[in-house]
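First listed ligand is number 1; within each ligand, the first listed atom is number 1. Just so you know, these numbers use all the heavy atoms, side chains as well, and skip hydrogens, waters and symmetry mates.
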Amino acid sequence: MSKARIRTHTNPFNFHEKLDPVDFNKIFKKNTGKFDLEIGFGKGVFLRHWATLKPQDNVIGVEVRKGIVDFVRKRTTEQENIHLIHYSGERVLEDIIPDTSLENVFIFHPDPWLKKGHHKRRFVRPDNLNLIIKKLSPGGKIYVSTDVESLWESMTETLEESSLKEVEDTHFWDEVYTSHWDKFSIEDKRTRQFGTWEK
Ligand SMILES: C[S@@+](CC[C@H](N)C(=O)[O-])C[C@H]1O[C@@H](n2cnc3c(N)ncnc32)[C@H](O)[C@@H]1O
């Protein structure tokens, strides 16, 4: 991996405090009670694109790095269907997101936490996945990708052991998904792997 992308990941377990409940009627101009959620949106390339494609849908983005939340916030002030939260995905799911309210959950290129002792910090792990399942609406989908082989193996193992079923969504992956990450994968000679699971 190029030096530019070697950075210390932010430990998701540093976000201890329980969040106060949120009134989504005050947050979204058109609150439908249904949401899409991107966990770890990074520079927000996909999030902004998705919210533009789906002006009727409300999109929540969660990210642990404050600097990039501020960066994306400045670029999304005009997009009323986006709500950004600087916190950990696990706490936001647990504390704020109503049960069965999520239509789509996006987790693209989550931090790989390569050291064995750090695997428990990987986002796609059984406890987080159970939380996502609880928050997904019936038929709701989770989209995941990574270009790290060992992470893909652990994510798919976790997903396959869950109650979700894998589905094809070539339209999404070929025509909708957009990211600046592919250029990193190509530079580093890594292959993006991706999949969709449904509740
Ligand atoms: C490798 S980057 C990928 C960013 C973006 N999804 C993309 O595909 O370009 C992973 C992002 O997830 C964030 N992240 C890691 N763990 C998280 C967690 N538990 N909750 C929210 N964000 C998290 C990191 O800060 C980082 O910005």
Enquirer: Do Arg75 and Phe71 meet the cation-pi criteria used here (NZ or CZ under 6.0 Å from the six-membered ring centre, within 45° of the axis)?
Expert: yes
Enquirer: Using a 4.0 Å heavy-atom cut-off, say whether Glu90 meets ligand 1 through its side chain, its backbone, both or neither.
Expert: side chain
Enquirer: Any ion pair linking Lys29 and Glu80 (charged N to carboxylate O, less than 4.0 Å)?
Expert: yes
Enquirer: Atoms of ligand 1 less than 4.0 Å from His180 heavy atoms?
Expert: 9 (O)
Enquirer: Would you say CD of Glu175 has more than 12 non-hydrogen atoms from neighbouring residues, nucleotides or ligands within 6.0 angstrom?
Expert: yes
Enquirer: Which of the atoms in ligand 1, numbered in the order shown and given with their element, are less than 4.0 Å from a heavy-atom of Pro12?
Expert: 19 (N)
Enquirer: Pro110 versus ligand 1: do any nitrogen or oxygen atoms come within less than 3.5 Å of each other?
Expert: no
Enquirer: Does NZ or CZ of Arg121 lie under 6.0 Å from the centre of the six-membered ring of Trp113, at an angle within 45° of the ring axis?
Expert: yes
Enquirer: Which ligand 1 atoms are under 4.0 Å away from a heavy-atom of Ser88?
Expert: 20 (N)
Enquirer: Could you tell me whether Glu90 and Arg125 make a salt bridge, using a distance below 4.0 angstrom between a side-chain N and a carboxylate O?
Expert: yes
Enquirer: I'd like to know if Lys135 pairs up with Asp99 as an ion pair, taking the criterion as any Lys NZ or Arg NE/NH1/NH2 lying under 4.0 Å from an Asp or Glu carboxylate oxygen.
Expert: yes
Enquirer: At the 4.0 Å heavy-atom cut-off, does Thr10 count as touching ligand 1?
Expert: no
Enquirer: If the cut-off is 4.0 Å to any non-hydrogen atom of Gly89, which atoms of ligand 1 fall inside it?
Expert: 18 (C), 19 (N), 20 (N), 21 (C)
Enquirer: Is there a polar contact between ligand 1 and Ile68, counting only N or O atoms under 3.5 Å apart?
Expert: no
Enquirer: Could you check Arg192 against Asp147 for salt bridge (Lys or Arg N to Asp or Glu O under 4.0 Å), going step by step and ending with a plain yes or no?
Expert: CA-CA 4 Å; Arg192 167 164 54 86; Asp147 59 6; over 6 Å; no
Enquirer: Using a plain distance cutoff, I'd like to know if Glu63 has any nitrogen or oxygen under 3.5 Å from a nitrogen or oxygen of ligand 1.
Expert: yes
Enquirer: Pick whichever of Leu47, Asn14, Val64 has a heavy atom sitting closest to atom 23 (C) of ligand 1.
Expert: Val64
Enquirer: Is there a side-chain contact between Lys34 and Ser137 in this structure, where contact means two heavy atoms from C-beta onward sitting under 4.5 Å apart?
Expert: yes
Enquirer: Is there a nitrogen or oxygen of Tyr87 sitting under 3.5 Å from a nitrogen or oxygen of ligand 1?
Expert: no
Enquirer: Checking Asn25 against Asn31: is there a side-chain donor and acceptor pair closer than 3.5 Å?
Expert: yes
Enquirer: Using a heavy-atom cut-off of under 4.0 Å, does the side chain or the backbone of Phe123 touch ligand 1, or both, or neither?
Expert: side chain
Enquirer: Would you say ligand 1 has an N or O under 3.5 Å from any N or O of Phe108?
Expert: yes
Enquirer: Just going by heavy-atom distances, which of Pro112, Gly67, Gly40 is nearest to atom 22 (N) of ligand 1?
Expert: Gly40
